[in-house]
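Working notes, structure below.
All ligand and atom numbering here is 1-based and tracks the order in the structure. Throughout, residue positions are numbered sequentially from 1 according to the sequence presented. Quantities reported herein were computed from a predicted structural model and do not represent experimental measurements.
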Amino acid sequence: MIIYLNGEFVPEEEAKVSVFDHGLLYGDGVFEGIRAYDGRVFRLDEHIDRLYDSAKTIDLEVPITREEFKEALLETLRRNNLKDAYIRPIVTRGKGDLGLDPRKCATPTVIIIATGWGAMYGDLYEKGLTAITVSVRRNAADALPPNVKSLNYLNNILAKIEANYKGGDEAIFLDTHGNITEGSGDNLFLVKNGVLITPHTLNNLRGVTRHVVLEAAASLGLTVMERDVGYFDLYTADEVFVTGTAAELGPIVTIDGRTIGTGTPGPVTKQLMAGFSAITRNEGTPIY
Ligand code: AKG
């Protein structure tokens with residue numbers, strides 16, 4: 001595997017960063033998850049814009065321009081002969097010392113990893129996932145905004161650990177006010193009486209796939225509501241599904257032991273899965 005590291009393309013074994021990099025010491029940095037389908041990178045501009053917005057929020061200046069970043073990403077795919085891929089751009093604060101002060105870090109570290117990675121949930125796209133609402137709360141928007149896709153994913157990992165112990169394929173977070181927010185690595189949608197409902201993005205990530213699903217819903221003529229969602233809405237929904245670059249569209253059929261709808265992926269979810277799949281195959285930035 002060839003990795004982009006600070007302007008160079010190096011074999012995986014040589015792609016090394018300092019143990020004093022604040023990305024490692026403090027989770028001080030940002031990242032993206034991007035997919036390429038059939039030789040085209042899906043929503044590249046949206047992902048790169050979100051990466052730079054995450055960086056801006058944590059006062060981290062990405063040392064290359066957006067255009068240079070996009071070209072480096074495409075070249076990483078070319079060097080690895082990839083057409084279908086999962087791409088992980090990372091920007092860390094860079095090498096500093098053992099104090100957390102970011103002013104000690106002279107140059108941010110830029111990494112791009114690209115690898116072949118198929119459907120994250122395997123056969124669960126047909127069977128449906130089991131989800132667990134977890135006791136750990138989503139980071140508060142006035143502490144570490146979930147809109148920042150930061151390298152500090154401990155909040156998400158704690159949720160995943162809890163779901164793992166409780167037998168869930170995915171965790172569902174509440175915020176500190178009791179509103180449902182998102183999954184451990186994906187956004188959440190509900191369908192009730194034909195209306196598509198999803199939480200506002202103050203307490204969760206502005207997902208690129210979330211946005212695509214909203215577009216697909218509009219083209220299908222579905223009514224969409226962005227509003228607060230509680231346990232009641234979740235348990236009594238006709239359909240629930242998660243969306244994410246890695247997860248794509250994952251139907252949820254059980255939450256905390258309650259069967260959602262008929263206990264199988266519902267018709268609106270299936271329509272949106274097909275719509276999403278068609279969109280991913282019809283657009284994107286050409287790699288070659
Ligand atoms: C993605 O969906 O690409 C993400 O970055 C979410 C986190 C993950 O599943 O790794």
Side-chain angles (χ1 to χ4, degrees), residues 3 23-24 27 29-37 40-55 57-58 69-70 73 76-77 82 84-92 110-122 124-125 129-132 134 136 138-139 144-164 168-173 181-189 198-199 201 203-214 241-252 272-273 276-277 279-280 284-285:
I3 312 283
L24 174 67
V30 294
F31 76 99
E32 274 298 313
I34 308 177
R35 274 191 190 267
Y37 295 96
R40 285 184 293 206
V41 182
F42 189 61
R43 301 283 164 116
L44 179 58
D45 285 309
E46 283 178 49
H47 282 287
I48 294 296
D49 285 346
R50 189 173 65 180
L51 180 74
Y52 279 70
D53 285 348
S54 290
T57 309
I58 66 161
F69 212 117
K70 283 186 258 179
L73 190 145
T76 308
L77 287 161
L82 288 165
D84 290 275
Y86 181 79
I87 310 139
R88 175 62 59 90
I90 302 160
V91 185
T92 81
V110 181
I111 302 164
I112 304 171
I113 306 167
T115 181
W117 190 22
M120 185 168 113
Y121 284 124
L124 294 179
Y125 293 94
L129 287 86
T130 296
I132 305 284
V134 290
V136 60
R138 188 72 180 107
N139 285 334
L144 177 57
N147 311 128
V148 176
K149 202 163 170 62
S150 95
L151 285 182
N152 192 323
Y153 246 48
L154 260 187
N155 184 224
N156 312 59
I157 289 162
L158 286 175
K160 193 75 184 169
I161 289 170
E162 192 174 330
N164 288 346
D169 302 305
E170 178 53 311
I172 297 176
F173 271 120
T181 67
E182 59 186 328
S184 70
D186 30 51
N187 293 111
L188 194 82
F189 282 87
T198 191
T201 54
N203 65 10
N204 57 75
L205 184 74
R206 276 161 221 227
V208 172
T209 311
R210 175 187 185 277
H211 190 223
V212 177
V213 165
L214 292 175
F241 62 93
V242 286
T243 65
T245 296
E248 299 172 303
L249 263 75
I252 291 181
L272 289 167
M273 286 169 85
F276 174 74
S277 179
I279 293 171
T280 59
T285 306

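In the vicinity of A246, heavy-atom distances shorter than 4.0 Å reach the ligand 1 atoms 1 (C), 2 (O), 3 (O), 9 (O). Taking a cut-off of under 4.0 Å to the non-hydrogen atoms of G33, the atoms of ligand 1 that pass are 3 (O). Interface atoms of ligand 1 facing F31, defined by a heavy-atom separation under 4.0 Å, are 5 (O). Those atoms of ligand 1 with a heavy atom of Y86 less than 4.0 angstrom away are 1 (C), 3 (O), 4 (C), 5 (O).
At a threshold of 4.0 Å, the pair R88-E32 does not count as salt-bridged, since none of the basic side-chain nitrogens sits closer than that to a carboxylate oxygen. With respect to R210 and D186, no salt bridge is recorded, no charged nitrogen being found less than 4.0 Å from a carboxylate O.
For the residue pair S184 and E170, a side-chain donor N or O sits within less than 3.5 Å of a side-chain acceptor on the partner. In summary, the side chains of N204 and R138 do not present any donor paired with an acceptor at a separation below 3.5 Å, with no hydrogens or angles considered.
Ligand 1 lies less than 4.0 angstrom from a heavy atom belonging to K149. For R88, the closest heavy-atom approach to ligand 1 falls below 4.0 Å.
Taking any N or O of Y153, backbone or side chain, none lies under 3.5 Å from an N or O belonging to ligand 1. Residue-to-ligand polar distances keep I34 apart from ligand 1: every N/O pair is separated by 3.5 Å or more.
A 4.5 Å side-chain heavy-atom check between R43 and R35 finds every atom pair outside the cut-off. In this structure, the side chains of L129 and P251 come closer than 4.5 Å at one or more pairs of heavy atoms.
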